[in-house]
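Each remark here refers to the structure printed beneath this line.
First the proteins, then the strands, lettered A, B, ... as listed; each starts at 1. Side-chain atoms are counted along with the backbone in the values below, which use heavy atoms only and exclude waters and symmetry mates.
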Amino acid sequence: MRSHLCGELRPDHVGERVTVCGWAARRREHGEHLAFVDLRDHTGLVQCVVDGAHDLRGEYVLRITGTVRPRPEGTTNPALATGEVEIGECEVEVLAEAEPPPFPLDDRADDVDETVRLRHRYVDLRRAAMQRNLRTRAAVNSALRRAMDDQGFVEVETPLLIASTPEGARDFVVPSRHRPGTFYALPQSPQLFKQLCMVGGVDRYYQIARCLRDEDLRADRQFEFSQLDAEMSFAGQEDVLACIEAAVGAAVVAVTGEQLGEVPRMTWREAMDRYGSDKPDVRFGMELVDLSEAFAATGFNAFAGATVKGIRHAGASEATSRNRLDDLTDRAKRWGAKGLVWMRVEAADDGGVTLASPIAKFLSAEELAEVARRMEAEPGDVLYLVADEWARTAHVLGLLRLELGRPPVTEGGLRFLWVVDFPLFESVDEATGRPVPAHHPFTMPHAEDVALLDGGAEDLLSVRSQAYDLVLNGWELGSGSVRIHRPDVQQRIFDLLGIGEEEAQAKFGFLLDAFRYGAPPHAGFAFGVDRLVALLLGEENIREVIAFPKTQSGTDPLTSAPTAIDATQLEELGLRLLPPRT
RNA sequence: GGUCCCGUGGUGCAGUUUGGAGUGCACGCCGGCCUGUCAAGCCGGAGGUCGCGGGUUCAAAUCCCGUCGGGACCGCCA
């Protein structure tokens with residue numbers, strides 16, 4: 001049907017008779033004698049010169065046969081890759097007529113209401129930016145598969161219809177027709193199946209797996225997403241990190257052409273202390289400064305006995321109004337802080353600085369001087385302090401740091417980071433005394449910390465696990481761990497978590513059974529492909545790298561999903577609907 | 001579950017603070033003119049439930065309440 005693609009024509013093609021197909025991106029009419037039509041396909045635009053009468057409208061689907069010729073002196077267009085040539089003596093065949101598109105298909109569409117774009121996604125996808133995103137995503141998938149294949153990983157497909165487990169995210173659920181009243185769940189991840197693959201001698205498993213979680217949507221979260229999921233036998237943390245780095249590095253090369261280099265590491269504890277986050281955005285500083293010692297003997301009740309930390313917003317005093325400070329204080333409270341202390345740094349007569357703050361009068365001169373010293377305060381800065389228990393102080397200041405200092409997604413480069421030594425337990429339930437797992441209950445404790453499992457709440461919370469996250473520019477790309485493969489250790493963890501034998505059998509019985517038949521030591525990882533592609537492309541929203549995404553409320557403006565189903569379908573499934581909640 | 005922002009011809013906006021006739025801009029669309037344009041140009045035209053409902057008022061795009069839709073975030077996402 002065609003001999004060339006629109007975007008590939010160059011002066012080399014001059015004199016050739018070519019046939020191209022595409023959409024009429026723009027037309028410039030000069031009466032019935034002459035018109036210029038920019039024909040667009042996925043490779044770009046080429047100018048076609050149409051002589052004589054015609055009726056060509058925007059987005060008509062055309063097949064144009066003509067002769068490639070150089071553009072006349074002075075009419076070349078350096079903005080187009082094909083701008084030195086044009087197609088002349090055109091024969092035009094209208095393959096399909098088209099209504100005017102609902103929004104412009106050039107860069108101006110970046111400002112169009114996203115609902116309108118999604119409702120007409122098939123038109124939106126024609127745009128150069130969306131074509132670039134789809135094709136970059138395909139290149140990343142391809143690079144990931146090649147890298148995993150090259151490292152001896154085997155791609156195994158795991159089921160989509162699986163048994164529901166109450167842990168973790170809310171399941172999407174599918175009713176069974178054969179057994180009315182029972183349900184499949186769609187996988188939140190292939191976690192248990194990939195471990196079964198290890199027992200099954202697969203040795204190195206991977207899959208670009210669709211995962212589904214019925215949780216609230218965000219800029220970096222959709223119901224459905226894709227993970228590069230991997231698991232390795234006879235391997236530990238270092239093996240996994242090396243293999244994942246190779247895969248991610250291949251994706252980075254495929255998109256940017258640049259080598260990844262060594263990915264730095266940071267312990268979870270250090271990440272929380274310095275950045276107030278387990279997924280620190282290390283593209284910028286504004287690190288948390290610990291001030292607890294400065295207030296060890298303070299008379300200011302709000303600071304006494306608390307973890308006090310601060311961040312310094314350099315040079316921001318003039319641009320930060322009192323209104324803004326009040327607003328930030330409100331936010332800090334919504335984030336869980338008791339309050340937010342701010343201090344404006346001003347030049348003092350003696351050449352030092354003074355800290356102007358509503359609470360300055362409650363602090364001693366020594367304390368104020370120590371704050372200024374530790375935070376390296378300069379005149380014109382604003383300091384923000386939070387005092388609370390360690391985790392809350394870090395969390396609130398971590399959010400405040402992002403609010404005040406986070407650069408746009410397109411700036412600061414690609415700053416990958418391994419966060420290692422996550423705690424095994426996130427918290428200890430005050431009512432039951434049971435620890436709450438931070439990852440999943442098959443995560444191997446750090447060898448050096450096993451003795452602490454016998455201790456009290458404080459000991460339990462200090463147990464490190466062999467779990468690790470990969471972070472890129474403040475987004476959690478993925479996480480993994482070394483798994484427990486020994487039944488006795490697993491039993492120990494279940495006991496601690498209060499998971500009885502019956503419950504364990506009901507929830508993961510098949511995995512525990514499998515382990516009785518000889519489980520190799522194994523470890524794995526999974527990271528989100530949508531997030532990786534978005535960040536590689538400088539998109540701040542993963543919907544831009546998904547062909548048909550859903551809105552924040554989980555609907556699809558194109559298909560109107562989710563929709564009601566008819567009574568016969570419900571009947572067949574043995575389901576009856578409750579009246580709508582009021 | 002919560003906080004905040006947005007909703008005005010097909011698209012993007014101004015108008016909302018301080019109520020006074022659907023007033024305006026750009027693009028697109030339709031018609032006309034135009035033989036070297038390139039986000040072509042010139043002339044003319046059509047196109048509106050100011051998201052929806054209620055309230056206040058002589059009068060509401062504008063103020064108030066509710067609601068729907070979209071977005072960002074907190075919680076949630078082992």
Side-chain angles (χ1 to χ4, degrees), chain A residues 25-38 45-52 57-59 69 71-80 82-83 86 88 99-120 123 165-171 188-189 191-192 211-223 225 327 330-337 395-396 398-400 402-403 406 422 424-427 435-443 465 467 476 479 481 493 497 499 507-508 528 540-541 543 550-555 557:
Chain A
R26 277 191 290 272
R27 68 218 142 81
R28 296 173 290 282
E29 313 254 10
H30 293 259
E32 60 185 20
H33 300 292
L34 174 68
F36 299 96
V37 174
D38 288 342
L45 298 178
V46 65
Q47 172 167 285
C48 303
V49 184
V50 179
D51 304 295
R57 305 294 168 117
E59 297 307 310
R69 63 194 190 194
R71 293 198 184 189
E73 190 76 33
T75 65
T76 59
N77 183 353
L80 284 184
T82 61
E86 63 189 12
E99 290 180 18
F103 51 89
L105 297 193
D106 52 27
D107 293 344
R108 286 173 291 189
D110 293 342
D111 297 322
V112 172
D113 184 316
E114 200 180 345
T115 315
V116 177
R117 290 176 54 207
L118 291 181
R119 187 173 300 129
H120 303 276
V123 172
T165 53
E167 272 74 27
R170 201 175 288 113
D171 278 330
Q188 299 171 21
S189 81
Q191 180 62 38
L192 299 177
C211 304
L212 298 104
R213 295 177 189 172
D214 188 4
E215 297 292 346
D216 289 355
L217 277 41
R218 288 278 204 289
D220 61 351
R221 273 161 38 186
Q222 284 271 302
F223 285 154
F225 58 100
D327 172 55
D330 285 343
R331 280 170 197 258
K333 286 177 180 169
R334 285 200 295 271
W335 292 333
H395 175 66
V396 171
L399 290 172
L400 187 66
L402 293 176
E403 166 76 24
R406 188 172 205 175
F422 269 71
L424 189 63
F425 304 113
E426 180 181 281
S427 57
V436 178
H439 195 51
H440 59 58
F442 316 113
T443 305
S465 70
E476 181 193 323
S479 60
S481 62
I493 298 294
L497 296 177
I499 299 177
K507 287 177 177 169
F508 334 100
E540 54 197 16
N541 190 315
R543 294 188 297 273
K550 298 201 171 32
T551 65
Q552 194 165 73
S553 61
T555 63

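- Using a 4.0 Å heavy-atom criterion, one finds that A:R221 contacts the bases of the nucleic acid, with or without backbone contacts as well.
- A:T165 comes within contact range of no nucleotide atom at all, as no heavy-atom separation falls under 4.0 Å.
- The base of B:rC38 sits with one of its N or O atoms less than 3.5 Å from a complementary donor or acceptor on the side chain of A:R71.
- Not a single donor-acceptor contact under 3.5 angstrom links the side-chain atoms of A:R57 to the base of B:rC30.
- For A:D113 and B:rG7, a side-chain-to-base donor-acceptor distance below 3.5 Å is absent, hydrogens and geometry of angles not being considered.
- Within the nucleic acid shown, A:D51 has no heavy atom closer than 4.0 Å to any nucleic acid atom.
- A:L399 comes within 4.0 angstrom of the backbone, heavy atoms only, and of no base.
- Under the side-chain contact (heavy atoms from CB on, under 4.5 Å) criterion, A:V436 pairs with A:E426, A:S427, sequence neighbours left out.
- Among the protein residues, A:R69 comes within range of the nucleic acid bases, having at least one heavy atom under 4.0 Å from a base atom.
- A donor-acceptor contact under 3.5 Å links the side chain of A:R108 to the base of B:rA39.
- With the nearest nucleotide of RNA chain B identified for both A:E540 and A:E215, A:E540 has the one nearer the 5' end.
- When heavy atoms are screened at a 4.0 angstrom cut-off, A:D216 is found touching base atoms of the nucleic acid.
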